[in-house]
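Note that this is a predicted model, so its numbers are computed, not measured.
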Protein chains: 2
Amino acid sequence: MAQSGQSTTGQSLLFLTDEQLRKGTEAMFFAYRGFTADPDRILSERGYGRAHHRAIHFIHGSPGTTVNNLLGILGVTKQSLNRVLRTLVEDGLVLNTVGTKDKRERHLYLTETGTTLERALSDAQRDRMRAAYRAAGPAAVAGFRQVLEAMMDEEMRHHYDALKDKAE
Amino acid sequence: MAQSGQSTTGQSLLFLTDEQLRKGTEAMFFAYRGFTADPDRILSERGYGRAHHRAIHFIHGSPGTTVNNLLGILGVTKQSLNRVLRTLVEDGLVLNTVGTKDKRERHLYLTETGTTLERALSDAQRDRMRAAYRAAGPAAVAGFRQVLEAMMDEEMRHHYDALKDKAE
DNA sequence: TAGAATACGTCAGCTTTGTTGACATTCCAA
DNA sequence: TTGGAATGTCAACAAAGCTGACGTATTCTA
């Protein structure tokens, strides 16, 4: 066992060895692969990639979102996003409507087919997360979220909080 | 606040709402971007990418490892790894020696230049992780690691454990 | 109301990093 | 000793990111 959780005061937690930090980075690396593995399988069956998954996920979470907003969340260029979005619209998974208030904007929605795929993807991903959560217990889950949130960039945390608030 | 950490018995943790799980996946997504952001900056200055970082990281952790072993850890094809390795050897960051016992194998080592870059990269990455760890506290860190480990594929956990044991 | 700014889409071309296929070398076992 | 398995290299291609330039429609502002 490592000497990380000794102090319950939270005061003397300053000895973070290189070893502990290295293990943390490797845990992130290996866990992220597991995190994406199950949806990746479903996606590749249908000729989609992780980029499509991300678009579908956030359109599902914020129906009617604009292209510009999605760009901020995903942190890619519009050319890159456009390529993905175009195939999703062509394949009938995403709907693209002209803005009501500002006609320059395009609002994005999942069609029924899109929603079905979203559910398949998130079910697969959540099964693994659910299993991990159960194995680790509620206290561990709280810590997991705390560390992840502390690891985000400022800008990313804004997007994260905005999405979080929406549901509460 | 969510209703996740209510029970201290760890018994009745069965109500994992879709909402909680969704937030977990988004936390992973946004945190992973932060996790890679700092090294990415250093790498792009020198014309390298994340693939180079991964190779350097694991060669540093297991000096003398073979190409085949590295393939198992990274989970890519040998052709893909080879391209990265070749540029690192050409640039004098990695040393490639013919196996002594089995001449088909190549043993990989970091040169002094390679070690210097490794240090710069891991310093940058660890600064952020250290800050996150401190902000979240030791109990949260323990939970963080627990959940990540539970999220890995079997095969990945084997690699992870092998690397972990090496240092203990 | 004219011109600047914004939102979106697209064309062209490049880079990184993954893929499959073909092939040389080396080792081992029948 | 020879044929198959293992290790690693070269070639060509695909996905998905990037920059830069440009067009169009719309909105904002001086």
N/O donor-acceptor pairs under 3.5 Å from side chains in residues 149-157 of chain A, not counting sequence neighbours:
{"residue": "A:Glu149", "atom": "OE2", "partner": "A:Tyr160", "partner atom": "OH", "Å": "3.0"}
{"residue": "A:Asp153", "atom": "OD1", "partner": "B:Arg128", "partner atom": "NH1", "Å": "3.0"}
{"residue": "A:Asp153", "atom": "OD1", "partner": "B:Arg128", "partner atom": "NH2", "Å": "3.0"}
{"residue": "A:Glu154", "atom": "OE2", "partner": "A:Arg157", "partner atom": "NH2", "Å": "2.6"}
{"residue": "A:Arg157", "atom": "NH1", "partner": "A:Glu149", "partner atom": "O", "Å": "2.4"}

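- Under the 4.0 Å criterion applied to side-chain N and carboxylate O atoms, A:Glu26 and A:Arg22 are assigned as salt-bridge partners.
- B:Arg106 contributes a side-chain N or O that, together with a main-chain N or O of B:Arg104, makes up a donor-acceptor pair within less than 3.5 Å.
- Partners of B:His52 by ring-ring contact (aromatic ring centres under 6.0 Å, His included), not counting sequence neighbours, listed by chain and number: B:Tyr48.
- Contact between the side-chain N/O atoms of A:Asn68 and the OP1/OP2 oxygens of C:dT6 is not found at any separation under 4.0 Å.
- The side-chain heavy atoms of B:Leu85 and B:Val67, taken from C-beta on, include a pair separated by under 4.5 Å.
- Under a 3.5 Å cut-off, the side chain of A:Ser44 and the backbone N or O of A:Arg41 do form a donor-acceptor pair.
- For the OP1/OP2 pair of C:dC11 and a distance below 4.0 Å, the side-chain nitrogens and oxygens of A:Asn82 include no atom meeting the criterion.
- Minimum heavy-atom separation, A:Val84 to A:Ala51: CG2-CB, 3.7 Å.
- Note on A:Asp123 versus A:Arg119: salt bridge recorded, some NZ/NE/NH1/NH2 to OD/OE distance being below 4.0 Å.
- At a threshold of 4.0 angstrom between heavy atoms, the contacts of A:Asn69 with the nucleic acid are absent.
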Table of protein N/O atoms under 3.5 Å from nucleotides 14-21 of chain C N/O atoms:
{"residue": "C:dT17", "atom": "OP1", "partner": "B:Arg50", "partner atom": "N", "Å": "2.6"}
{"residue": "C:dT17", "atom": "OP1", "partner": "B:Ala51", "partner atom": "N", "Å": "3.2"}
{"residue": "C:dT17", "atom": "OP2", "partner": "B:His52", "partner atom": "ND1", "Å": "3.3"}
{"residue": "C:dG18", "atom": "OP1", "partner": "B:Arg54", "partner atom": "NH2", "Å": "2.6"}
{"residue": "C:dG18", "atom": "OP2", "partner": "B:Ser80", "partner atom": "OG", "Å": "3.4"}
{"residue": "C:dG18", "atom": "N7", "partner": "B:Arg83", "partner atom": "NH1", "Å": "3.2"}
{"residue": "C:dG18", "atom": "N7", "partner": "B:Arg83", "partner atom": "NH2", "Å": "3.1"}
{"residue": "C:dG18", "atom": "O6", "partner": "B:Arg83", "partner atom": "NH2", "Å": "2.5"}
{"residue": "C:dT19", "atom": "OP2", "partner": "B:Thr77", "partner atom": "N", "Å": "2.7"}
{"residue": "C:dT19", "atom": "OP2", "partner": "B:Thr77", "partner atom": "OG1", "Å": "2.9"}
{"residue": "C:dG21", "atom": "O6", "partner": "B:Gln79", "partner atom": "NE2", "Å": "2.7"}

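- Heavy atoms only, all atoms of each residue included: B:Asp40 and B:Arg50 are closest at OD2-NH2, 2.7 Å.
- Using a 4.0 Å cut-off on heavy atoms, the residues of residues 99-108 of chain B that approach DNA chain D are B:Arg104, B:Glu105, B:Arg106, listed by number.
- Ring pair B:His57/B:His53 is perpendicular by interplanar angle, where above 60° counts as perpendicular and below 30° as parallel.
- At least one side-chain heavy atom of B:Met28 sits under 4.5 Å from a side-chain heavy atom of B:Leu148.
- Each end of the helix from C:dT1-D:dA30 to C:dA30-D:dT1 yields a helix axis from five base pairs, and these two axes differ in direction by 10° (to the nearest 10 degrees).
- With a cutoff of under 4.0 Å to any heavy atom of chain A, the contacted region of DNA chain D is bounded 5' to 3' by D:dA16 to D:dT27.
- Note: A:Phe144 and A:Tyr133 have perpendicular aromatic rings, judged against thresholds of 30 and 60 degrees for the angle between ring planes.
- Proximity of a side-chain donor or acceptor of B:His107 to a complementary backbone N or O of B:Val98 within less than 3.5 Å is not detected.
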